[in-house]
Asker: 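Okay, handing you the structure first.
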Amino acid sequence: MTKRVRVRFAPSPTGGLHLGGVRTVLYNYLFAKQHGGDFILRIEDTDQSRYVPGAEEYIFNTLQWCGLEPDESPKNGGKYGPYRQSERKEQYRKYAEQLVAQGQAYYAFDTAEELDAMRNRLRTTENPSPQYDRTVRMQMRNSFTLAKEEVDGLLAANTPHVIRIKMPEHETVQFHDMIRGDVSFDTSVVDDKVLLKADGMPTYHLAVVVDDHLMEISHAFRGEEWLPSAPVHILLWRYLFGEEAMPQWAHLPLILGPSGKLSKRDGAKYGFPVFAMNWTDPKTSELTDGFKEKGFLPEAFINMLAMLGWNDGTEQELFSKDELVQRFSIEKVHKGGAKFDYEKAKWFNHEWIKKLPIDSYKEEVKKLFVEKGLQLQDESYFEKILSLVKDRCTLLSDFWAHSFFFFIAPKEIDFTPIKAKWFDEKTSFFGLYIKALNGISDFKAATLEAEFKKLAEEATLKVGELQLPLRLMLVGGKFGPPVFEIAEILGREETINRIENGLAQL
RNA sequence: GCCGCGUUCGUCUAAGGGCUAGGACACCACCCUUUCACGGUGGUGAUACGGGUUCGAAUCCCGUACGCGGUACCA
């Protein structure tokens, strides 16, 4: 019997969602959709001290912008709820107690000071981070070292305690990773991880296993940083629900920054976003830039992220979300980490701006223009301009620089590039051209250009020496699309106005 | 330190025993364009190192180096 495909992502609401997190969501989502399954989002709010208000909402916003909405989540519910770990608190204790009863876990009463003391005592240069493991287990205060009556007394008195897993000695735990193949660990080198914290909350280790079981998760994809604790999870599955019921694992490679693991600092340091959307930490007021606000399209963002660690074996690089759903394969995800390259990310965005019809982003651009203080009345004029300049824009924010002159006539024009070679014949040429403009019946770029050339020839002037002045008069600088196309869009009246203005300044 | 996972142009990657190691980004040159871009053509540029196995190795095996991750009552 094959289980229905159900994959999950479980972020902790302790800050924004970094690139690696969004990519994990993406791969989970793609795999689920590809198999007609469900993508489940649950919230790991088990660490009260690091919980950041607003972070959960931010996660939802990010997923929404990316178009990766979960089928089940704290927000839209589902029959396996609740989807917040803090609301499932009662569940975990039960399983932890079961493990204690089975002799595979134990109560530990050691205080923070006692743990510090143990670590300080054992710390050497050879062993810089001593663990709570089989070597020290019998020297600590726990239900293995204390008499049963004492343990019962401590428990009855509500003495703060944790439940730790008892790692077996010299056992090899092996499992199959969909990306890495067979991976094995010696249980002797992993410590007695805390399963249930003193505040009654589970640690990730317990929660992930219990929730994956209760929510009938079939596949679990997560970052590579979880690989070392996988043996704990395997053992928990074996003890609690049977290893054969365990989801299939895949540990995704890390996304790296210019120097090592990609961090928020890298973004600030090198000037590129590391989050999907702007995130302001309410505690520190620190802002981390987002791709959205930088002018990225979600299509490009998703595409770029998908290719950072996966490819389908062909030379295709541009994929829509639907294509990704079809072509994605977890087996083809790379083993090695990938360094994030902002230049390449921008290239993806450029491609998507060119590829997509302007309808899919014109509202975003409009918003940016309104922010610049512009009032847009003529929708078709606006659309015409977007179509004309879209190929030159890498980010949505580039649209302004490439088209503001269609809306704002240049005032003080810098004519230095042409001033030295200016003479009266040119002034009279433009006078004639204005007259001609008034007479042209169909105001199209080609006609305007033909007329311009004809007049130049009659005046025995070089066309090349006249085009730059015209451009300067129309847009105010050496930039923009072909001049006659600008004139066509500007229209007869505005074009003539701008030429007259320019002439007056010369 | 210990444990684990990795390693192909600067970057993302293709090639999973067999043609001059292919593509993309970036960079450079040329073309197009009498603006700036877009675009087009071409170019520089890589199998970490050392041993095996094999007629033949980027590919399989071993070792070394390097990188990354973990080593918390964080996830």
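Lettering follows sequence order; numbering is per chain, from 1.
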Asker: Which residue lies toward the 5' end of RNA chain B, A:G313 or A:C393, if each is placed at its nearest nucleotide?
Answerer: A:G313

Asker: Just call it for A:G309: base, sugar-phosphate, or nothing, with non-hydrogen atoms closer than 4.0 Å on any strand.
Answerer: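 A:G309: backbone/sugar contact only, no base atoms under 4.0 Å.
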
Asker: Would you mind classifying the nucleic acid contact of A:K332 as base, sugar-phosphate or nothing, using non-hydrogen atoms under 4.0 angstrom?
Answerer: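 The answer is sugar-phosphate, as A:K332 gets under 4.0 Å only of primed atoms, P, OP1 or OP2.
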
Asker: For a quick check, with a 4.0 angstrom heavy-atom cut-off, what is the B/S/- contact string for nucleotides 69-75 of chain B, read 5' to 3'?
Answerer: BSBSBBB

Asker: Checking base pairs now: Watson-Crick or wobble, both atom distances under 3.5 Å. What partners B:C9?
Answerer: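 Paired with no nucleotide.
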
Asker: NA contact type, A:H402, heavy-atom cut-off 4.0 Å: base, sugar-phosphate, or nothing?
Answerer: nothing

Asker: Considering only the P atoms, how many Å lie between B:G18 and B:U13, rounded to the nearest integer?
Answerer: 23 Å

Asker: Within this structure, what is the CD1-to-P distance between A:I179 and B:C68, rounded to whole angstrom?
Answerer: 21 Å

Asker: Provide the Watson-Crick or G-U wobble partner of B:C30, both distances under 3.5 Å; none if there is no partner.
Answerer: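 Answer to the pairing question: B:G40, which forms a Watson-Crick or G-U pair with B:C30.
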
Asker: Roughly how far apart, to the nearest Å, are B:G45 and B:C68 at atom P?
Answerer: 29 Å

Asker: Give a yes or no on whether a salt bridge exists between A:R141 and A:D110, defined as a side-chain N under 4.0 angstrom from a carboxylate O.
Answerer: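 Result for this pair is no, no salt bridge flagged.
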
Asker: Go ahead and name the base partner of B:C19; Watson-Crick or wobble counts if both distances stay under 3.5 Å, otherwise write none.
Answerer: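 Looking at the geometry, B:C19 pairs with no nucleotide.
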
Asker: Taking the same atom, P, in B:U54 and in B:A48, what whole-Å distance lies between them?
Answerer: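 Rounded to whole Å, the distance is 23 Å.
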
Asker: Within this structure, what is the CG-to-C1' distance between A:L252 and B:C5, rounded to whole angstrom?
Answerer: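 Rounding to the nearest Å, CG of A:L252 and C1' of B:C5 are 13 Å apart.
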
Asker: Separation of A:D391 atom CG from B:C36 atom C1', in whole Å?
Answerer: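 Interatomic distance, CG of A:D391 to C1' of B:C36: 14 Å.
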
Asker: So, the side chain of A:R84 versus the backbone of A:E44: is there a donor-acceptor pair under 3.5 Å, distance only?
Answerer: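 No; judged by distance alone, with no hydrogens or angles, the pair does not exist.
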
Asker: So is A:R164 actually on top of A:Y132's ring, under 6.0 Å and inside 45° of the axis?
Answerer: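 Yes, A:R164 lies over the aromatic ring of A:Y132.
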
Asker: With no hydrogens and no angle check, is any side-chain donor or acceptor of A:N303 less than 3.5 Å from a backbone partner on A:F319?
Answerer: yes

Asker: Considering only the C1' atoms, how many Å lie between B:C25 and B:G51, rounded to the nearest integer?
Answerer: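 So the two C1' atoms sit 37 Å from each other.
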
Asker: Counting only Watson-Crick pairs (N1-N3 plus N6-O4 or O6-N4) and G-U wobbles (N1-O2, O6-N3), all under 3.5 Å, who is the partner of B:C60?
Answerer: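 Its partner is B:G52.
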
Asker: The side chain of A:K339 is closest to which nucleotide in this list: B:G4, B:G1, B:U11?
Answerer: B:U11

Asker: Tell me the interatomic distance from A:E485, atom CD, to B:U35, atom P, rounded to whole angstroms.
Answerer: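 Going from CD in A:E485 over to P in B:U35 covers 14 Å.
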
Asker: Counting primed atoms plus P, OP1 and OP2 as sugar-phosphate and everything else as base, spell out the protein contacts along nucleotides 20-31 of chain B at 4.0 Å heavy-atom distance: B, S or - for each nucleotide, 5' to 3'.
Answerer: --SSBS------

Asker: Just the rounded figure in Å: distance from C1' of B:U35 to CZ of A:F405.
Answerer: 10 Å

Asker: Select base, sugar-phosphate, or nothing to describe what A:G480 touches, counting heavy atoms under 4.0 Å on all strands.
Answerer: base

Asker: Please determine if A:D266 and A:K269 form a salt bridge, counting it only when a charged side-chain N lies under 4.0 Å from a carboxylate O.
Answerer: no

Asker: Could you check which residues of residues 87-99 of chain A get a heavy atom under 4.0 Å from RNA chain B? Sort them by number, please.
Answerer: none

Asker: Considering only NZ, NE, NH1 and NH2 on the basic side and carboxylate oxygens on the acidic side, decide whether A:D212 and A:R8 come within less than 4.0 Å.
Answerer: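 Judged by the 4.0 Å cut-off on N to carboxylate O distance, A:D212 and A:R8 do form a salt bridge.
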
Asker: Rounding to an integer number of Å, can you tell me how far A:E449 CD sits from B:U33 P?
Answerer: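 Nearest whole value for this atom pair: 11 Å.
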
Asker: Would you mind classifying the nucleic acid contact of A:F185 as base, sugar-phosphate or nothing, using non-hydrogen atoms under 4.0 angstrom?
Answerer: sugar-phosphate

Asker: Strictly below 4.0 Å, N to O, side chains only: are A:R137 and A:D192 in salt-bridge contact?
Answerer: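 Result for this pair is yes, salt bridge flagged.
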
Asker: Distance check, P atoms only: B:C32 and B:C36, in whole angstrom units.
Answerer: 14 Å

Asker: I want to verify a distance call: between B:C5, B:U35, B:C3, whose nearest atom is closest to the A:R180 side chain?
Answerer: B:C5

Asker: Could you check whether A:K419 makes a cation-pi contact with A:W422, meaning its NZ or CZ is under 6.0 Å from the centre of the six-membered ring and within 45° of the ring axis?
Answerer: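 Checked: cation-pi criterion not met.
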
Asker: Would one find a side-chain N or O of A:H334 under 4.0 angstrom from OP1 or OP2 of B:C12?
Answerer: no

Asker: C1' atom, B:U53 versus B:C61: distance in rounded Å?
Answerer: 7 Å

Asker: When rounded to the nearest Å, what value does the distance between P atoms of B:A58 and B:G50 take?
Answerer: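 So the two P atoms sit 13 Å from each other.
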
Asker: For B:C30, does the O4'-C1'-N9-C4 or O4'-C1'-N1-C2 angle fall within 90° of 0, making it syn, or is it anti?
Answerer: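 Anti, angle beyond 90° from zero.
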
Asker: Does the distance from a Lys or Arg side-chain N to an Asp or Glu carboxylate O, for A:R42 and A:E87, drop under 4.0 Å?
Answerer: no

Asker: If you measure from the Lys or Arg side-chain nitrogens to the Asp or Glu carboxylate oxygens, is any gap between A:K193 and A:D191 under 4.0 Å?
Answerer: yes

Asker: Tell me which nucleotide, if any, is Watson-Crick or G-U wobble paired with B:C2 when both distances must be under 3.5 Å.
Answerer: B:G70

Asker: For the pair made of CG in A:D182 and C1' in B:G4, what is the distance, rounded to whole Å?
Answerer: 15 Å

Asker: For A:F479 and B:C38, give me the distance from atom CZ to atom C1', rounded to whole Å.
Answerer: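 Rounding to the nearest Å, CZ of A:F479 and C1' of B:C38 are 17 Å apart.
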
Asker: Taking the basic N atoms (NZ, or NE/NH1/NH2) and the acidic carboxylate oxygens, is any pair closer than 4.0 Å for A:E449 and A:K453?
Answerer: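 Salt bridge between A:E449 and A:K453, a charged N being under 4.0 Å from a carboxylate O: yes.
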
Asker: Below 4.0 angstrom, N of the basic side chain to O of the carboxylate: do A:R238 and A:E171 qualify?
Answerer: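 Counted as a salt bridge, because a side-chain N and a carboxylate O are separated by less than 4.0 Å.
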
Asker: Look at the side chain of A:K478 and decide which nucleotide, out of B:G4, B:U35, B:C38, has an atom nearest to it.
Answerer: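 The listed nucleotide nearest to A:K478's side chain is B:U35.
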
Asker: For B:A75, what is the paired nucleotide under Watson-Crick or G-U wobble rules, both distances under 3.5 Å?
Answerer: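 No nucleotide pairs with B:A75.
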
Asker: Within the 4.0 Å heavy-atom criterion, would you say A:K346 contacts the bases, only the backbone, or no part of the nucleic acid?
Answerer: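 No contact at all - A:K346 keeps every heavy atom at 4.0 Å or more from the nucleic acid.
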
Asker: If you round to the nearest 0.5 Å, how far is CD1 of A:I385 from CZ of A:F404?
Answerer: 12.5 Å

Asker: Say you pick atom C1' in B:U8 and the same atom in B:A21; how far apart are they, in whole Å?
Answerer: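 Rounded to whole Å, the distance is 8 Å.
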
Asker: Less than 6.0 Å separating the ring centroids of A:F301 and A:W352?
Answerer: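 That pair fails the under 6.0 Å test.
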
Asker: Across all strands, who's sitting opposite B:U47 as a Watson-Crick or G-U wobble pair, both distances under 3.5 Å?
Answerer: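 Its partner is none (no Watson-Crick or G-U wobble pair with both distances under 3.5 Å).
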
Asker: Counting the atoms with a prime plus P, OP1 and OP2 as sugar-phosphate, which does A:V475 contact under 4.0 Å by heavy atoms, base, sugar-phosphate, or nothing?
Answerer: nothing

Asker: For A:F144, does the six-membered ring have the charged nitrogen or CZ of A:K166 within the cation-pi criterion, i.e. under 6.0 angstrom from the centroid and within 45° of the normal?
Answerer: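 Ring-cation test returns yes.
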
